[in-house]
Amino acid sequence: MSKIITDVVCPFCGTLCDDLEVKVSDDGSKIEEVYNACVIGTEKFLHSQATDRLTVPMKKDDAGEWHETSMNDAVEYTAQMLANAKKPLMYGWSSTSCEAQSIGHEIAELCGAVVDNTATVCHGTTLIAVQDVGVPSCTLGEVKNRADRIIFWGCNPAHAHPRHMSRYSIFPRGFFTGKGHKARKMIVVDPRKTDTAGMADIHMQIEQGRDYELLSALRVAVRGAPLPETVAGIPREIIQDAADTLKSGRFVVIFFGMGVTQSLSKNHNIDMAIMLTKDLNEHTKAAIMPMRGHYNVTGSGEVMGWQFGYPFSIDLSRGFARYNPGDSSSNDLLRRGEVDAVFVLGSDPGAHFPFSSVKKIWDLPSVCVEPHYTPTTAVSKLHVPVAFVGVEVGGCAYRMDAVPIHCRKVAEPPEGVLTDEEFLKLVLARVKEIKGVA
Amino acid sequence: MAEYLIKNGFVFDPVLGINGDKTDIAIKDGKIVESTALSSATVIDAAGKTVMAGGVDVHAHVAGPKVNAGRNFRPEDKLFTYESGKGVRRMAGGFSVPTTFKTGYSYARMGYTTVMEAAMPPLYARHTHEEMRDTPIIDEGAYPVFGNNWFVLEYLKNNEVENTAAYISWLLRTTKGYAVKIVNPGGTEAWGWGLNCNSVHDPVPYFDITPAQIMKGLMEANEYLKLPHSIHIHTNNLGNPGNYETTLDTFKLFEGEKPKDEFGRQQVMHHTHVQFHSYGGDNWGNMESKADTIMDYVNAHDNLTIDIGQVTLDETTTMTADGPFEHHLTELNHLKWTNRDVELETCAGIVPYVYSPNIKVCGIQWAIGLELALLAKDHMRVHLTTDHPNAGPFTRYPRVMKWLMSQKAREAQLDAMKWGDKVRGQSLISGIDRELSLYEIAMMTRAGTAKCLGLAHMYGSLKPGLEGDVAVYDYNPETADDPEQIERAFGNAAYLFKAGEMVVKDGEILSNGRKRTLWVDVKVKENPQVMRDVTEKFLKYYTVTQANYEVHEEGYIRNPYRIEVDATQ
Ligand code: SF4
């Protein structure tokens, strides 16, 4: 007999769908089916069932050969590495629970580490823009219940957040939006003809990297001031039409992704997008929201916020929290050779950091805590396989609109495999012993 | 557990009627006891010092989504404020929006032991509890917001008080909340469309109800449930010249109403940060204090309580569920604006603000808060707050005490203002020579607040049987002559005992305590209709499932302290 677990939360993307149903074997050891999730979400659950799953920590010897090692040894290596480093980097946190993050922060504080999350290479620019100009935003339910004008700027939810449009932004019928997508106008700004763009009422196929200009032009158009003939490759009439569409809406939402946060002008693009939202609030109601990628990158920023006061790139090495992205951010530190150990949990810098940074990880004492074998594993000295958070252990995660949801455990981890939290607790205890603190 | 005997201090306890007498206070097993109950106590010499119960803050924004948004979008707030960790103390920083650790330590250093988070969006209850869990030492509770909640709007439109009560009971249990908070009733829902309700009779768009009906109905439901605290109101039209009339209109809704709880509170409604609601005039040029009119009303009606919301003349971070007000503020000061509308429930706005002593309006605001307290007849019903961090950070309470206790200090502040004479002309402060006593301060910060919260059986006094929460300040009321001593002493408790444990000594944190989270579990008769409505709303309009909405005690709540109320009779 199998049983069905309902209201399961998907620990994959920032959409954090919480209506999944998972069929598991009677003894809870095997996931048989996943309902309601999109393809990527489903794969996350099923992947935990892989027969070639890593279950034992692996350590690289001086010759570069991998050997199995004990959990005790893994804890010891990690604790010694962090406790003895002058300025270790503790990076990741976006694919784990807030509980685990919290323990990681305690270790970081004791070791004078830099703690940073994946925002450093995705929406960190957004966080900086928010520090410049704020952010008028809302929860996704406000979008579902009220919004009739939706912009997707530099993002492609059809592929990256597959259930976003059906759960929240385009298709659902809400309290004041009984006609669903029929009464919504959809604008997509993207240099590519993506599947999302294909669905739009207006697709502004912007010239690559010209987001700042087009956002400025929209602000000009919203104010009714004259425009040049084309801006960023878009004819004046279309920009005017888009501005009128927005102003005539009752509730406008701008969703934006890494197409704007990581293109030329970076945080200045987002400044401008937020100011466009602010301008629109003089005519109608408007909100803006980043399409956060990892399922708990938002949570990482929140926990860092209430514990240290900043959302990412926090340098604790001087005994107080110091925040200066561009200086205290992971890639800057790695490339300048300013960190002497690297601890990674809940992300994969080996796949996403510039090669020059990855090479530095290769040179340094390094630990990768991760259920999968990843490119980060390849450059680390120690790999500690752990349970899947949100599949094999519960915990808190924050959706892209910062709504916290408690992830559910649906299956048992393989025998002997620890959770992130358990592993970090062991490391913390050992670090305290090494440092001689109570 | 350790026993303590605090000897020879000047004790101020309005509940016991002790007004500066030298009395010994004994603590054993976490509680205040008779000194005869001690067997091997550590003696604390409090000679020449002031002794009070631990402070109880009735209204502060110290945990939750808008507080954290305030932290994260203001790195500048951390400048020069960071303290390294030491011993049991974690590193901590921030001025107007301190980190959770700093919040706990700073309150403890001021001798405060209990603090209420004044606005919790239910959908973000888990976040609020996570922050409270990480706030050391102080006991905390949080007020979920109800004044713009769709269930409440729909039930009260049809005058369904019993259904409203059943829903409140469900939501308090689901979010582990403490009391019924109302912020800009109806106006925050209107803000979903960029609109507002500026008077208590403005209809809420699409919901066919007025703010007056919302507040009155919630009061009735609150008394039906016999909750420990009354409804807690931030009324419409905050911060606008001429708004004192809206405030009076709000007060008048409750005339003749009596509390029905069994927790000993006297009020049916608490109106918060009344300073922001006591403005005369009709523009910023002729804006003036109406504190006297407001206090005439408060003094004459004993079924309501207020807190002052004192402006401290600092740079701070304003944050409130009054979304339209924060939009108004960003249009006024052109500083950065964060807003977050929360589906079916509420909204929050955040804008930094500088209360400059060089700006006339700020000076008048500063005067109004003090006037409210100085014109009060009963300080058990008028509480000290800064609406932290809205009118200023809570760490300024000792400074506010100084202003309340010393006319000299007030005059010095007025002299230091650029437009001091104009402030004097448009307020009443200069004509008031009253100086509050420590006894009255103890009412405003402990005895009165504990009673108002329905927690007089735990906090606010040094009566045997109450929690062992005791603050000792290095302040000699017989010899002190310099007002600055007040600010120094009350900002740096010589000792603080929390639940019988010494957690502060000479300003240093010795322990993170065993902080508790208070919440109210009120039992009502089964109400299938409300449960059906809840299920339907979750299916159709919420974006989380009903099963994922509840905050469970386990994991999220540190030392839960459940207060049970039975409203089935
Ligand atoms: S949209 Fe994102 S959260 Fe939802 S099921 Fe797919 S991967 Fe999971």
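The sequence lines fix the lettering, A, B, ..., with proteins before strands; numbering per chain opens at 1.
More than 12 heavy atoms of other residues, nucleotides or ligands shown are found within 6.0 angstrom of NZ on A/K435. Counted within 6.0 Å of CD on B/E554, heavy atoms from surrounding residues, nucleotides or ligands total 12 or fewer; the atom is thus considered open. Annotation: B/R173, atom CZ; neighbour count of heavy atoms from other residues, nucleotides and ligands within 6.0 Å is above 12.
Side-chain contact between A/I405 and B/V544 is present, with heavy atoms from C-beta onward closer than 4.5 Å. Using a 4.5 Å heavy-atom threshold, the side chains of A/V135 and B/W337 count as separate. By the 4.5 Å heavy-atom criterion applied to side chains, A/F308 and B/M91 are counted as neighbours. Residues A/E142 and B/L344 are not in side-chain contact: their nearest non-hydrogen atoms beyond the backbone lie 4.5 Å or more apart. A/P311 is not listed as a side-chain neighbour of B/F73, based on a closest heavy-atom distance of 4.5 Å or more. B/T99 has its side chain out of reach of A/W306: every pair of non-hydrogen atoms, C-beta onward, lies at least 4.5 Å apart. Using a 4.5 Å cut-off on side-chain heavy atoms (C-beta onward), B/Y82 and A/R322 make no contact. Looking only at side-chain heavy atoms (C-beta outward), B/T543 and A/K144 come within less than 4.5 Å of each other.
Side-chain atoms of B/D134 and A/Q307 include a donor-acceptor pair closer than 3.5 Å. Side chains of B/N548 and A/D7: a donor-acceptor N/O pair is absent below 3.5 angstrom, by distance only. In this model, no donor atom of one side chain and acceptor atom of the other lie less than 3.5 Å apart for B/T545 and A/D19.
Relative to the six-membered ring of B/W193, A/R250 meets both conditions, a distance below 6.0 Å and an angle of at most 45° to the axis. Within the cation-pi definition used here (under 6.0 Å to the ring centroid, within 45° of the axis), B/K78 qualifies as a partner of A/Y310.
Proximity to chain A is limited to the side chain of B/Y206, based on heavy atoms less than 4.5 angstrom apart. Of the atoms belonging to A/C396, heavy atoms from both backbone and side chain fall under 4.5 Å from chain B. Proximity to chain B (any heavy atom under 4.5 Å) is shown, for A/V143, by neither the backbone nor the side chain. B/H327 touches chain A through its side chain: at least one heavy atom from C-beta onward sits under 4.5 Å away, while N, CA, C and O do not. Both the backbone and the side chain of A/A321 come within contact range of chain B, judged by heavy atoms closer than 4.5 Å. Residue contact with chain B, scored on non-hydrogen atoms closer than 4.5 Å, involves the side chain of A/E99 exclusively. In this structure, chain B has heavy atoms under 4.5 Å from both the backbone and the side chain of A/L316.
A donor-acceptor contact shorter than 3.5 Å is absent between the side chain of A/E109 and the backbone of B/R90. Under the 3.5 Å distance criterion, the side-chain polar atoms of A/N145 are matched with a main-chain donor or acceptor of B/Y541. Side chain of B/K336 to main chain of A/V130: no donor-acceptor pair is present (N/O by atom type, distance under 3.5 Å, no hydrogens or angles). Judged by distance alone, the side chain of B/K540 and the main-chain N or O of A/G174 form no donor-acceptor pair under 3.5 Å. B/R126 contributes a side-chain N or O that, together with a main-chain N or O of A/P404, makes up a donor-acceptor pair within less than 3.5 Å. B/N339 contributes no side-chain N or O that, together with a main-chain N or O of A/C138, makes up a donor-acceptor pair within less than 3.5 Å.
Contact count against chain A (heavy-atom pairs under 4.5 Å) is highest for B/P75 among B/P352, B/G194, B/S84, B/P75. Your options are B/L335, B/T103, B/T338, and the one with the most heavy-atom pairs under 4.5 Å with chain A is B/T338. Per-residue counts of heavy-atom pairs under 4.5 Å with chain B were compared for A/H283, A/R399, A/M289; the largest is that of A/R399.
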Audit row: A/K278, B/T330, side chain to side chain contact (heavy atoms under 4.5 Å, CB included) steps and yes/no: CA-CA 10 Å; A/K278 199 173 171 184; B/T330 188; 2.9 Å; yes
Evaluation steps, salt bridge (Lys or Arg N to Asp or Glu O under 4.0 Å), between A/R146 and B/D341: CA-CA 11 Å; A/R146 294 187 208 263; B/D341 296 354; 5.7 Å; no
Check against side chain to side chain contact (heavy atoms under 4.5 Å, CB included), A/Y398 and B/E130: CA-CA 12 Å; A/Y398 284 62; B/E130 286 190 281; 2.5 Å; yes
Residues B/L123, A/T139; criterion side chain to side chain contact (heavy atoms under 4.5 Å, CB included); working and verdict: CA-CA 10 Å; B/L123 187 59; A/T139 67; 4.2 Å; yes
Test log, rule side chain to side chain contact (heavy atoms under 4.5 Å, CB included), inputs B/E331 and A/E282: CA-CA 10 Å; B/E331 297 281 290; A/E282 284 167 37; 3.4 Å; yes
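Between B/W150 and A/F175, a ring centre-to-centre spacing shorter than 6.0 Å is recorded.
The two residues A/K285 and B/W191 make their nearest non-hydrogen contact at NZ-O, 2.6 Å.
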